[in-house]
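Below: one structure, written as structure tokens.
Order of listing sets the numbers, starting from 1, for every ligand and every atom in it. The residues of the chain are indexed from 1 along the displayed sequence.
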Amino acid sequence: MHRQVRIAPSILAADFARLGEEVRAVTKAGADLIHVDVMDGHFVPNITVGPGLVKALRPHSAKPFDVHLMIEPVDPFISAFADAGADIITVHVEACPHLEVTLQLVKAMGKKVGVSINPGTPATTIAPVIGCIDLVLVMSVNPGFGGQSFMDAQLEKIRQFRNMIDDSGRKIDLEVDGGINCDTAPQAIAAGADILVAGTAAFDGGQNFYAKNILQLRSGTSVA
Ligand code: DX5
Ligand code: ZN
């Protein structure tokens, strides 16, 4: 089955001093979604941005905002990210003691809901909620920082989710995040991914290269 691969540049790798311009540039360059990494210094060992930034960036792109919440607790912040303009809100299975409750909070805000899973967590932890989510986000690095190396061992988990999603008969996006570049993108696509998050590889070289970077990642091949 041919799947249309979509690219979600992570603004974590953009120039933070001019983020609005960066979001406009990457949108113009062909980004399918804008990936926003939210880190709290507690669930992950880094601190990034909050709902205020999502709201400030919202007018700079018409593409869906794909908000990846690496925070714990998460429930008290969902309405703020929804109101700020997130289209997809993804939470970590490891950060949600009452996962179904959290998923319902997102849905009640009228947003698409995703569940993300760390490299050390087995795919089976998401199986109980596969019937009520819109997206699975497989981490191919331990979350916290951009620029890490893709963990090959996660390819098997991507394949497991591909099968689980196909068996469900539901329309669920399978997104992969961490260490995606021209070498690893084809592997993730072959394993079944349909959305690739890319920070370093998408923003490499500055704004003149964003279109080429995105095209290369999407096609899974090297473009001269
Ligand atoms: C990792 C983040 C990723 C990361 C991707 O904690 O969730 O979105 O920024 O960056 P690269 O593509 O550089 O691995
Ligand atoms: Zn992310």
Side-chain angles (χ1 to χ4, degrees), residues 5-16 19 22-23 26 29 31-51 53-54 57 63-72 74 77 81 86-95 112-121 134-155 157-158 161 173-189 193-206 209-210 212-218 220:
V5 175
R6 282 163 286 160
I7 305 298
S10 163
I11 62 164
L12 196 56
D15 181 348
F16 268 35
L19 271 180
E22 290 277 71
V23 167
V26 89
D32 299 289
L33 308 103
I34 304 298
H35 188 84
V36 182
D37 285 308
V38 179
M39 305 185 187
D40 66 352
H42 167 72
F43 179 67
V44 289
N46 195 5
I47 299 176
T48 56
V49 302
L53 190 89
V54 172
L57 291 178
K63 294 294 177 182
F65 272 30
D66 173 31
V67 176
H68 177 193
L69 296 180
M70 290 161 274
I71 63 175
E72 186 182 18
V74 64
F77 300 99
F81 283 101
D87 297 283
I88 306 165
I89 295 180
T90 297
V91 301
H92 266 264
V93 63
E94 301 87 358
K112 288 193 171 177
V113 65
V115 178
S116 185
I117 181 162
N118 282 335
T121 307
D134 302 297
L135 179 146
V136 173
L137 174 54
V138 175
M139 291 308 302
S140 41
V141 298
N142 284 303
F145 301 93
Q148 303 182 75
S149 298
F150 185 88
M151 298 167 78
D152 293 335
Q154 301 308 309
L155 289 168
K157 196 192 284 176
I158 299 168
F161 277 118
D173 289 323
L174 180 50
E175 183 174 35
V176 178
D177 185 359
I180 293 291
N181 56 36
C182 289
D183 297 325
T184 56
Q187 299 174 41
I189 294 167
D194 40 28
I195 303 177
L196 303 178
V197 176
T200 309
F203 287 92
D204 187 37
F209 290 86
Y210 295 171
K212 177 172 172 269
N213 295 344
I214 289 169
L215 192 63
Q216 281 184 347
L217 292 167
R218 197 197 308 283

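- The local environment of CZ in F209 is sparse, with at most 12 non-hydrogen atoms from other residues, nucleotides or ligands closer than 6.0 Å.
- Put simply, the side chain of T200 does not reach to within 4.5 Å of the side chain of N181, judged on heavy atoms.
- Residue contacts with ligand 1, taken as heavy atom pairs separated by less than 4.0 Å, involve V197 solely via side-chain atoms from C-beta onward.
- In this structure, atom 9 (O) of ligand 1 lies nearest to the protein heavy atom L12 CD2, 3.1 Å.
- Ring pair H68/H92 is parallel by interplanar angle, where below 30° counts as parallel and above 60° as perpendicular.
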(message) Could you go through L69 and F77, starting from their C-alpha distance and side-chain angles, then the distance that decides it, and tell me whether this counts as side-chain contact (heavy atoms from CB on, under 4.5 Å)?
(response) CA-CA 9 Å; L69 296 180; F77 300 99; 5.7 Å; no
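- Atoms of ligand 1 found under 4.0 Å from any heavy atom of H68 (numbered from 1 in listed order, with element): 7 (O).
- Checking only distances, M39 never comes within under 3.5 Å of ligand 1, N or O to N or O.
- In this structure, the protein non-hydrogen atom closest to atom 1 (C) of ligand 1 is F145 O, 3.8 Å.
- In terms of heavy atoms, C182 sits closest to L217 at N-CD2, 4.0 Å.
- Proximity of A198 to ligand 1, defined as any heavy-atom pair under 4.0 Å, is confined to the backbone N, CA, C and O atoms.
- Among protein heavy atoms, atom 10 (O) of ligand 1 sits closest to G146 CA, 3.6 Å.
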(request) Check step by step if side-chain contact (heavy atoms from CB on, under 4.5 Å) holds for L137 and D66. (result) CA-CA 11 Å; L137 174 54; D66 173 31; 6.0 Å; no
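- Less than 4.0 angstrom separates some heavy atom of H35 from each of these atoms of ligand 1: 8 (O).
- Side-chain N or O atoms of D87 include one that pairs as donor or acceptor with a backbone N or O of F65 at under 3.5 Å.
- Taking only nitrogen or oxygen atoms, main chain and side chain alike, G199 reaches within less than 3.5 Å of ligand 1.
- Of the polar atoms of N142, none of the N or O atoms is found under 3.5 Å from an N or O of ligand 1, judged by distance alone.
- Closest approach of F150 to G178, counting heavy atoms only: CD1-O, 3.4 Å.
- Put simply, the side chain of I195 does not reach to within 4.5 Å of the side chain of D32, judged on heavy atoms.
- Rounded to the nearest 0.5 Å, atoms CD1 (I71) and CD1 (I47) are 12.5 Å apart.
- Not a single N or O atom of Q148, backbone or side chain, sits closer than 3.5 Å to an N or O atom of ligand 1.
- In terms of heavy atoms, I158 sits closest to L174 at O-CD2, 3.6 Å.
- Those atoms of ligand 1 that come under 4.0 Å of a heavy atom in P143, given as number and element, are 6 (O).
- Minimum-distance N/O/S atom of H35 relative to the Zn ion (ligand 2): NE2.
- Closest of all the heavy-atom pairs between Q187 and D183 is NE2-O, 3.2 Å.
- Those atoms of ligand 1 that come under 4.0 Å of a heavy atom in M70, given as number and element, are 6 (O), 7 (O).
- Within ligand 1, counting atoms from 1 as listed, the ones closer than 4.0 Å to a heavy atom of D37 are 2 (C), 3 (C), 4 (C), 7 (O), 8 (O), 9 (O).
- Here's the thing with G179: one of its N/O atoms is less than 3.5 angstrom from an N/O atom of ligand 1.
- Atoms of ligand 1 lying under 4.0 Å from any heavy atom of D177, numbered from 1 in the order shown and given with element: 2 (C), 3 (C), 4 (C), 5 (C), 7 (O), 8 (O).
- Looking from atom 13 (O) of ligand 1 to the surrounding protein, the closest heavy atom is T200 OG1, 2.5 Å.
- When each atom of ligand 1 is checked for a heavy atom of G178 under 4.0 Å away, the hits are 14 (O).
- As for D177, its N/O/S atom nearest the Zn ion (ligand 2) is the one called OD2.
- Across all their heavy atoms, M39 and T48 have their closest contact at N-OG1, 2.8 Å.
- Scanning all protein heavy atoms for the shortest distance to atom 6 (O) of ligand 1 gives G144 N, 2.8 Å.
- Atoms of ligand 1 found under 4.0 Å from any heavy atom of S10 (numbered from 1 in listed order, with element): 8 (O), 9 (O).
- The atom of H68 nearest to the Zn ion (ligand 2) is ND1, with the search restricted to N, O or S atoms.
- Within D37, OD1 is the N, O or S atom that lies nearest to the Zn ion (ligand 2).
- Among all heavy-atom pairs drawn from I214 and P9, the shortest one is CD1-CG, 4.2 Å.
- Residue-to-ligand polar distances place G147 within reach of ligand 1: an N/O pair is separated by less than 3.5 Å.
- Salt bridge status for K112 with D173: absent, with no side-chain N to carboxylate O gap under 4.0 Å.
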